[in-house]
Engineer: 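Can you keep this structure in mind? I'll have questions shortly.
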Amino acid sequence: MCGIIGYVGCEPQSNQVLLDGLKALEYRGYDSAGMAIVVNRDVRVIKTRGKVANLEKKIEDLHLPSSVLGIAHTRWATHGIPNQSNAHPHQHGMVTLVHNGIIENYGELKELLTKQGYVFESETDTEIAAAYLDYVYKKSFDKKQALQEANKAFRGSFAFGIIFADEQDTLYAMRRNSPLIVAVGEHERYIASDVPAILKYTKDYILLDQDEIAVLKKDEVKIYTLDLVERDYEVKTATMDASAIAKDGYEHFMLKEIHEEPRVVKDTMHAYVQDDIDQLVASLPDLRKYQQIHIVSCGSAMYAGMIAKSLIEQAARIRVDVEIASEYRYKHPIYDVPTLVLIVSQSGETADSLAALLLAKSQGVDTMAIVNVIGSSIAREAKYVAYTHAGVEIAVATTKAYCTQVALLSLMALNLAYVHGHVDKKQANAIIQEVQQLPEMLEHMIEDVQYVQAAKIISRHNNVFFLGRGLDYALCMEASLKLKEISYIHSEAYAAGELKHGTISLIEKGTPVIAICTEESLYEKTISNIKEVKARGANVILVVREDFNVGDDYYDYKISVPKVNRLIQGIVSVVPLQLLSYQVANLRGCEIDQPRNLAKSVTVE
Ligand code: AGP
């Protein structure tokens with residue numbers, strides 16, 4: 001996902017602020033970077049392919065002085081390959097801007113602008129947006145009117161940081177669907193894609209709503225609705241500080257964040273229940289009336305939803321459908337019974353998940369969001385919101401946020417089981433007592449269990465299989481994604497009973513198969529499937545509940561996990577799989593925190 005940072009202040013310190021901001025946004029994933037600053041009344045644009053460090057060196061080599069006004073950007077390529085020409089900022093006439101999102105109707109706008117004599121250098125939709133804003137601005141030389149007209153002309157999503165050449169002490173911004181905040185210093189104002197980018201300078205920020213325009217000067221912020229009516233705003237204060245975006249001695253953010261799991265899972269669960277089920281009922285929305293739940297998400301968030309499906313359907317006997325957001329938004333969902341559409345999203349900005357939420361709302365269906373970022377777009381659009389408390393997650397591959405999602409969804413399952421009378425108060429409170437031991441168990445899984453041997457087995461291969469049934473199959477989906485994301489090994493997660501219907505043909509001598517076996521009612525069946533692959537030469541790494549007796553001739557390496565209440569079994573079992581993937585990626589020398597091609601949150605379709 002692209003990163004945006006902008007600065008306007010009394011001191012000429014643009015270069016440091018912009019580079020600090022881009023570095024704090026690097027975790028989002030990108031392939032090129034650039035900035036625009038005002039130098040001797042010129043709006044100078046400097047861009048590079050590759051890392052922010054390349055941009056920093058270019059600025060040093062050019063001896064570019066700092067300015068009181070500047071914008072900067074890290075680009076995750078959508079339209080056009082990652083190169084310097086396609087990097088942002090883009091400049092046409094009076095307008096220089098950076099953009100996160102997609103202008104879907106850029107083709108028709110390009111035709112119109114070409115007829116007006118505009119010539120384009122890049123392959124990007126963003127350059128079209130810059131030219132169009134210049135075109136409409138020159139009609140009236142009224143900036144807010146021009147932004148209003150451009151907003152109405154643009155279809156798709158955008159977060160813009162904009163400099164007009166004829167107003168060199170003012171920073172403009174406008175957003176729709178893509179995230180953008182305004183931040184407030186003493187005699188400085190900032191825009192940023194999210195809070196970590198400005199934490200070094202201020203914790204005070206303002207949320208921009210859909211289609212709003214912000215006009216920033218060093219000592220003031222004005223926010224306008226699309227009708228150009230100025231509105232009041234609330235200045236919020238971020239709870240995190242700059243240490244949240246530091247590695248604290250860990251080699252990678254991913255490892256740091258796995259080690260934070262005991263604390264953030266405890267924080268998340270304690271936010272909803274301490275020791276009594278009635279606290280949980282009071283802390284969540286009343287969901288009794290819903291006869292079906294659609295959990296609509298992407299990637300790991302969706303796999304957390306798969307665990308929730310297994311838990312809710314078994315504990316509360318309510319139908320749960322887990323849907324891929326990018327499919328759901330185009331499939332004309334059926335709402336023939338009272339339905340809750342539940343969006344799970346760490347960032348709260350994933351475009352497909354947001355679109356699915358807006359689709360449900362347009363159909364008059366109740367929506368709920370489980371998100372980690374306070375005030376994110378999905379959080380603001382949903383009827384109900386329940387926050388996870390994972391803190392800032394920097395590594396692109398989610399670990400602690402996923403665990404807090406599963407923890408919160410597990411509590412939802414318990415809540416639904418209780419309010420629908422499937423467990424009584426005494427039983428529910430006994431389960432609550434049991435889940436209190438979760439943080440300690442996670443500590444044990446992180447500190448005491450070794451994964452290097454198993455990692456060595458896997459790291460030498462380019463094809464790996466994960467097998468499991470029920471809850472374990474949902475875990476396989478997440479574990480397989482983790483391995484793929486950071487080690488670039490192709491892996492497939494398979495329902496253990498399904499493998500023999502074709503794909504078992506791919507099993508040959510030495511093929512690594514990671515079998516997850518914690519479901520009491522299914523483990524003998526899974527063992528049978530393990531025998532099938534073992535008989536064909538597979539190298540089996542078995543993740544198994546410590547009280548299950550499994551012959552040691554059925555596996556080559558075993559990772560034991562403790563027996564816990566089924567509600568939290570998934571969280572305990574996923575930790576060794578996260579660490580295993582981390583070890584494999586390390587052995588393969590991969591870029592773990594910012595894997596190639598990936599973005600921390602995909603705010604484009
Ligand atoms: C998981 O490691 C990936 N980063 C990715 O699958 C992610 O979970 C997905 O893009 C959804 O992101 P969200 O939770 O911010 O909506």
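All figures in this text were calculated on a predicted structure; none of them were measured in a lab. Start at 1 and go down the list; that is how both ligands and their atoms are numbered.
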Engineer: Minimum distance, heavy atoms only, to atom 15 (O) of ligand 1: which one of A325, A351, S347, A304 is it?
Structural biologist: S347
Engineer: Does one side chain, of D352 or Y328, offer a donor that lies under 3.5 Å from an acceptor on the other?
Structural biologist: no
Engineer: Please could you name the atoms of ligand 1 that S300 approaches to less than 4.0 Å, counting only its heavy atoms?
Structural biologist: 1 (C), 2 (O), 6 (O), 8 (O)
Engineer: Check each heavy atom of L481 against ligand 1 and say whether those closer than 4.0 Å belong to the side chain, the backbone, both or neither.
Structural biologist: side chain
Engineer: Based purely on interatomic distance, does T398 place a nitrogen or oxygen under 3.5 Å from a nitrogen or oxygen of ligand 1?
Structural biologist: yes
Engineer: Are S353 and S345 close enough that a side-chain donor and a side-chain acceptor fall under 3.5 Å?
Structural biologist: no
Engineer: Checking a contact table here: which protein heavy atom is nearest atom 9 (C) of ligand 1, and how many Å away?
Structural biologist: C298 O, 3.7 Å
Engineer: Is the shortest heavy-atom distance from the side chain of Y335 to the side chain of Q363 under 4.5 Å?
Structural biologist: yes
Engineer: What atoms of ligand 1 come closer than 4.0 angstrom to any heavy atom of A301?
Structural biologist: 8 (O), 14 (O)
Engineer: Test your reading of the model: is there a side-chain donor-acceptor pair from S480 to the backbone of M477, 3.5 Å cut-off?
Structural biologist: no
Engineer: Which residue and non-hydrogen atom of the protein lie closest to atom 3 (C) of ligand 1, and at what distance in Å?
Structural biologist: E485 OE2, 3.2 Å
Engineer: How does K482 reach ligand 1, by side chain, by backbone, by both or by neither, if only non-hydrogen atoms under 4.0 Å count?
Structural biologist: side chain
Engineer: Just which atoms of ligand 1 are under 4.0 Å from any heavy atom in S345?
Structural biologist: 13 (P), 14 (O), 15 (O), 16 (O)
Engineer: Write out all pairs satisfying ring pair (Phe, Tyr, Trp, His ring centres under 6.0 Å) with one or both partners inside residues 363-383, taking only residues at least two apart or from two chains.
Structural biologist: none
Engineer: Hey, is atom 13 (P) of ligand 1 touched by any protein heavy atom at less than 4.0 Å?
Structural biologist: yes
Engineer: What atoms in ligand 1 come closer than 4.0 Å to a heavy atom of T350?
Structural biologist: 12 (O), 13 (P), 15 (O), 16 (O)
Engineer: Is the count of non-hydrogen atoms from other residues, nucleotides or ligands lying under 6.0 Å from I324 atom CD1 greater than 12?
Structural biologist: no
Engineer: Which of the numbered atoms in ligand 1 are below 4.0 angstrom from a heavy atom of G299?
Structural biologist: 6 (O)
Engineer: Is the charged tip of K51 near the ring of Y30: under 6.0 Å from the six-membered ring centre and within 45° of its axis?
Structural biologist: yes
Engineer: Is the H99-F158 ring centre distance short of 6.0 angstrom?
Structural biologist: no
Engineer: Please determine if K600 has a nitrogen or oxygen closer than 3.5 Å to a nitrogen or oxygen of ligand 1.
Structural biologist: no
Engineer: For ligand 1, which atoms sit closer than 4.0 Å to a heavy atom of A397?
Structural biologist: 2 (O)
Engineer: Less than 4.0 angstrom from a charged side-chain N to a carboxylate O is my criterion; do D31 and R49 meet it?
Structural biologist: no
Engineer: Check E257, Q405, E393 against T398 for a side-chain hydrogen bond (donor to acceptor under 3.5 Å, both in side chains) and give me the one that passes.
Structural biologist: E393
Engineer: Taking 4.0 Å as the limit for heavy-atom contacts, which would you say applies to E349 with ligand 1: side chain only, backbone only, both, or neither?
Structural biologist: neither
Engineer: Could you tell me the residue and atom name of the protein heavy atom closest to atom 4 (N) of ligand 1, and the distance to it rounded to 0.1 Å?
Structural biologist: V396 O, 2.8 Å
Engineer: Would R588 count as a cation-pi partner of Y488, with NZ or CZ less than 6.0 Å from the six-membered ring centre and within 45° of the ring normal?
Structural biologist: no
Engineer: Short N/O distance, under 3.5 Å, between G348 and ligand 1?
Structural biologist: no
